[in-house]
Amino acid sequence: MSHIVIVRAFKLDDETSCSKLTRDCVMSSLGATFCGMLFKEITFQLIILLAAIMFIFFGMPLTICLSVVPVVIALTYAGTYVSFAAKLTEIDTEVANIPRLYMSNAFSCY
């Protein structure tokens, strides 16, 4: 199997392709990061703490207190997604300014 790599100068039409490429690269590790965050000790501590608060202070049955597990999982995913989206926004602003940041003189290239 042979591969051909062509190196050429950046054109303004490439901006959407570069933006899509960076989005795919950043978001490709979302699932692995979410799984890593899900099995951290703080996640289990948060589940136990919220279930204990519901059981002790609000007097809810234990079966209802265990419903906090999917809530914590959803909040963990939402927090991970928001942090990835914030980083993607930061990178997108850099991609939008490629000509100004990386091609300001004849010796620089992207």
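All values reported here derive from a predicted model rather than from experimental measurement.
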Glu15 versus Ala96, closest heavy-atom pair with distance: OE2-CA, 3.7 Å
Applying side-chain hydrogen bond (donor to acceptor under 3.5 Å, both in side chains), name anything that partners Glu94, two or more places apart in sequence or on another chain. Tyr102
Side chain to side chain donor-acceptor pair (under 3.5 Å): pairs with one or both residues in residues 38-48, sequence neighbours excluded: Glu41-Gln45
Please determine whether residues Leu50 and Leu38 belong to a single hydrophobic cluster, defined as Ile, Leu, Val, Met, Phe, Trp and Tyr linked transitively by side-chain heavy-atom distances below 4.5 Å. yes
List the atom of Ser19, the atom of Val95, and the distance in Å for their closest heavy-atom pair. N-CG1, 3.9 Å
Say you draw a straight line from OG of Ser67 to CG of Leu62; how long is it, rounded to the nearest 0.5 Å? 10.0 Å
Tell me whether Leu75 shares a hydrophobic cluster with Leu49, the cluster being built from Ile, Leu, Val, Met, Phe, Trp, Tyr side chains joined at under 4.5 Å. no
Inter-residue atom distance Leu21.CG - Asp14.CG, 0.5 Å rounding: 11.0 Å
Name all pairs fulfilling the ring pair (Phe, Tyr, Trp, His ring centres under 6.0 Å) condition that reach into residues 13-63, sequence neighbours left out, sorted by first residue then second. Phe34-Tyr77
Distance check, rounded to the nearest 0.5 Å: Thr93 atom OG1 versus Leu88 atom CG? 10.0 Å
Residues passing the side-chain contact (heavy atoms from CB on, under 4.5 Å) test with Glu90, sequence neighbours excluded, are Lys87
Quick one: list whatever passes side-chain contact (heavy atoms from CB on, under 4.5 Å) with Leu66, sequence neighbours left out. none
Rounded to the nearest 0.5 Å, what's the gap from CE on Met37 to CD1 on Ile73? Could you check? 13.5 Å
Do Ile64 and Val69 belong to the same hydrophobic cluster, where Ile, Leu, Val, Met, Phe, Trp and Tyr are linked whenever their side-chain heavy atoms lie under 4.5 Å apart, directly or via other members? yes
Tell me whether Ile48 is reachable from Leu46 by hopping between hydrophobic residues (I, L, V, M, F, W, Y) whose side-chain heavy atoms are closer than 4.5 Å. no
In terms of hydrophobic clusters joined by side-chain contacts under 4.5 Å, are Met54 and Val71 together? no
Donor-acceptor pairs under 3.5 Å, side chain of residues 23-33 to any protein atom, not counting sequence neighbours: which ones?
residue	atom	partner	partner atom	Å
Asp24	OD2	Lys20	NZ	3.0
Ser28	OG	Cys25	O	2.8
Ser29	OG	Val26	O	3.4
Thr33	OG1	Ser29	O	2.8

